[in-house]
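Please read the structure below before turning to the comments.
Computed over heavy atoms, backbone and side chain alike; hydrogens, waters and symmetry mates excluded. No experiment lies behind these values; they were computed from the predicted model shown. Counting from 1, the numbers follow the sequence of the chain as shown.
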Amino acid sequence: MAGKAVVALIAAVAATLGLGWDAASAGVERLYVLDCGENIGKDQSRWSPGVNAGKAIEFSDNCYLIRHDRGLLLWDTGIPDSVAAMPDGMVVANGAITYRRAKTLAAQLEQIGIKPADVTYVAVSHTHGDHVGNVALFPTSTVLIQGAEYDWAMAGPAKPGFVATQKIEKLTGDRDVFGDGTVKIVATPGHTPGHQSLLVQLPKTGWLLLSGDAVHFQDNWTHKRVPSMNFNRDQTLASLKRLESLLEERKAQLWINHDKPQSATMRYAPAFYE
Ligand SMILES: [Zn+2]
């Protein structure tokens, strides 16, 4: 059998088995970690009921830009860029959290030669302010969000700044973004009604699971703690189980967005992961 025929056969078999293997796609080329700010929480027990009450906690806040041969996907948009110009940061959540930003998302994208118009998809883990703060920077991108999240956020007091020119794709569950199985949105509700996480396959680094705010920091992951402000406790616990089985199944690394010690070990843009 000629090489081309073998490839076609393998692709057909993979497609039948639902493996998402796609001969025509080179997959993910790069992943950049972008500094999308910092949250200073007054009281850790807001996220870990009964644990470290009254003790402050600092969270990292990252955005991730994924370059696939079929387009660019930005995962989360972070704290608003305007916060970078506020010397004392921005106080939110009735004083419980202070946002800070050392540099803007716009400047970091510019540094790696990316214009907002180059970004095909902006996918948000959920609609809290430290994740959708710069969604309006991308007026020509398609927004990937769970329908349940969109409806909930738009009915609430703090509506995300979506712009009229954006195409909003309201998902119902998982989505294979580029159709080759390498970038997959997985529904992980609980923190909010339509919270979602992202599973990414990099050629050298392997599988990564970007958990959004399904979990906030390592100790909460270890003990499967559910923050008191979460929308639904049972959904949260089910989503943590789902993440656990995905990690096991793909031998993936768990990247916990808000875990500051873990973020401190990461290579930030302009460096990247392959
Ligand atoms: Zn968050």
Side-chain angles (χ1 to χ4, degrees), residues 25-40 58-87 89-90 99-125 129-144 166 177-178 180 182-185 197-213 217 252-274:
S25 170
V28 176
E29 296 163 345
R30 287 178 178 190
L31 180 146
Y32 291 95
V33 183
L34 305 161
D35 176 358
C36 268
E38 196 181 13
N39 298 351
I40 298 111
E58 291 185 10
F59 289 157
S60 51
D61 192 10
N62 300 322
C63 302
Y64 308 85
L65 184 76
I66 294 157
R67 200 173 88 191
H68 186 282
D69 72 319
R70 291 176 179 165
L72 282 170
L73 176 140
L74 179 67
W75 177 249
D76 277 340
T77 68
I79 285 169
D81 272 1
S82 57
V83 173
M86 301 176 187
M90 178 197 263
Y99 287 165
R100 290 184 182 276
R101 220 188 213 290
K103 43 188 170 178
T104 64
L105 172 60
Q108 291 173 78
L109 290 176
E110 200 183 329
Q111 195 191 4
I112 55 171
I114 306 291
K115 291 186 288 292
D118 300 332
V119 177
T120 324
Y121 298 107
V122 173
V124 291
S125 61
D130 53 329
H131 299 261
V132 294
N134 295 300
V135 78
L137 260 183
F138 307 91
T140 61
S141 306
T142 294
V143 176
L144 301 177
Q166 284 170 333
V177 179
F178 296 105
D180 65 347
T182 60
V183 180
K184 195 174 167 190
I185 290 174
S197 303
L198 194 72
L199 196 54
V200 185
Q201 187 184 29
L202 283 162
K204 292 182 186 164
T205 311
W207 287 97
L208 299 177
L209 184 52
L210 309 180
S211 56
D213 284 8
F217 47 91
Q253 299 175 40
L254 176 65
W255 281 15
I256 305 176
N257 176 42
H258 286 313
D259 189 283
K260 198 176 175 182
Q262 187 189 44
S263 290
T265 68
M266 297 211 162
R267 295 199 296 274
Y268 280 80
F272 53 85
Y273 289 84
E274 287 178 294

For this session: Tell me, with the steps shown, if Asn39 and Ile79 meet side chain to side chain contact (heavy atoms under 4.5 Å, CB included).
Result: CA-CA 9 Å; Asn39 298 351; Ile79 285 169; 3.1 Å; yes
Heavy-atom side-chain proximity of [X] to [Y] below 4.5 angstrom:
| X | Y | result |
| --- | --- | --- |
| Leu31 | Trp75 | no |
| Thr140 | Pro116 | no |
| Phe178 | Asp69 | no |
| Leu74 | Leu34 | yes |

Straight-line distance of [X] [atom1] to [Y] [atom2], nearest 0.5 Å:
| X | Y | atom1 | atom2 | value |
| --- | --- | --- | --- | --- |
| Ser82 | Met90 | OG | CE | 5.0 Å |
| Gln108 | Ile114 | CD | CD1 | 12.5 Å |
| Ser211 | Leu199 | OG | CG | 11.5 Å |
| Lys115 | Glu110 | NZ | CD | 10.0 Å |
| Leu72 | Ile66 | CG | CD1 | 10.0 Å |
| Cys36 | Tyr268 | SG | OH | 9.5 Å |

For this session: Report the C-alpha separation of Leu144 and Ile185 in whole Å, then their side-chain angles, then the decisive distance to 0.1 Å, and conclude whether the side chain to side chain contact (heavy atoms under 4.5 Å, CB included) test is met.
Result: CA-CA 9 Å; Leu144 301 177; Ile185 290 174; 3.9 Å; yes
Any idea which heavy atoms bring [X] and [Y] closest together, and the distance?
| X | Y | answer |
| --- | --- | --- |
| Leu202 | Arg30 | CD2-C, 4.1 Å |
| Pro261 | Asp259 | CD-OD1, 3.2 Å |
| Gly212 | Ser125 | CA-CB, 3.8 Å |
| Gly133 | Thr77 | N-OG1, 3.3 Å |

For this session: Test side chain to side chain contact (heavy atoms under 4.5 Å, CB included) on Val119 and Leu137 and set out the steps.
Result: CA-CA 10 Å; Val119 177; Leu137 260 183; over 6 Å; no
Problem set entry | Residue list, side chain to side chain contact (heavy atoms under 4.5 Å, CB included) with Asp213, at least two apart or on another chain |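 Result, side chain to side chain contact (heavy atoms under 4.5 Å, CB included) vs Asp213: His126, Asp130, His131, His191, His195, His216, Asn257, His258.
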Backbone N or O of [Y] within a donor-acceptor pair of the [X] side chain at under 3.5 Å?
| X | Y | answer |
| --- | --- | --- |
| Gln166 | Val122 | no |
| Arg101 | Asp35 | yes |
| Asn134 | Asp81 | yes |

Exercise. Given the rule in the side chain to side chain contact (heavy atoms under 4.5 Å, CB included) test, do Ser263 and Phe59 qualify, once you have shown the distances and angles that lead to the verdict?
Worked result: CA-CA 9 Å; Ser263 290; Phe59 289 157; over 6 Å; no
For this session: Among Trp255, Tyr64, Tyr32, find the one that has a ring-ring contact (aromatic ring centres under 6.0 Å, His included) with Tyr273.
Result: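 That would be Trp255.
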Exercise. So which of Arg70, His68, Gln201 actually passes side chain to side chain donor-acceptor pair (under 3.5 Å) with Asp180?
Worked result: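 The option that passes is His68.
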Exercise. Which residue pairs satisfy the salt bridge (Lys or Arg N to Asp or Glu O under 4.0 Å) criterion with at least one member in residues 260-274, sequence neighbours excluded?
Worked result: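 Salt bridge (Lys or Arg N to Asp or Glu O under 4.0 Å) check on residues 260-274 returns Glu38-Lys260, Glu58-Lys260, Lys204-Glu274.
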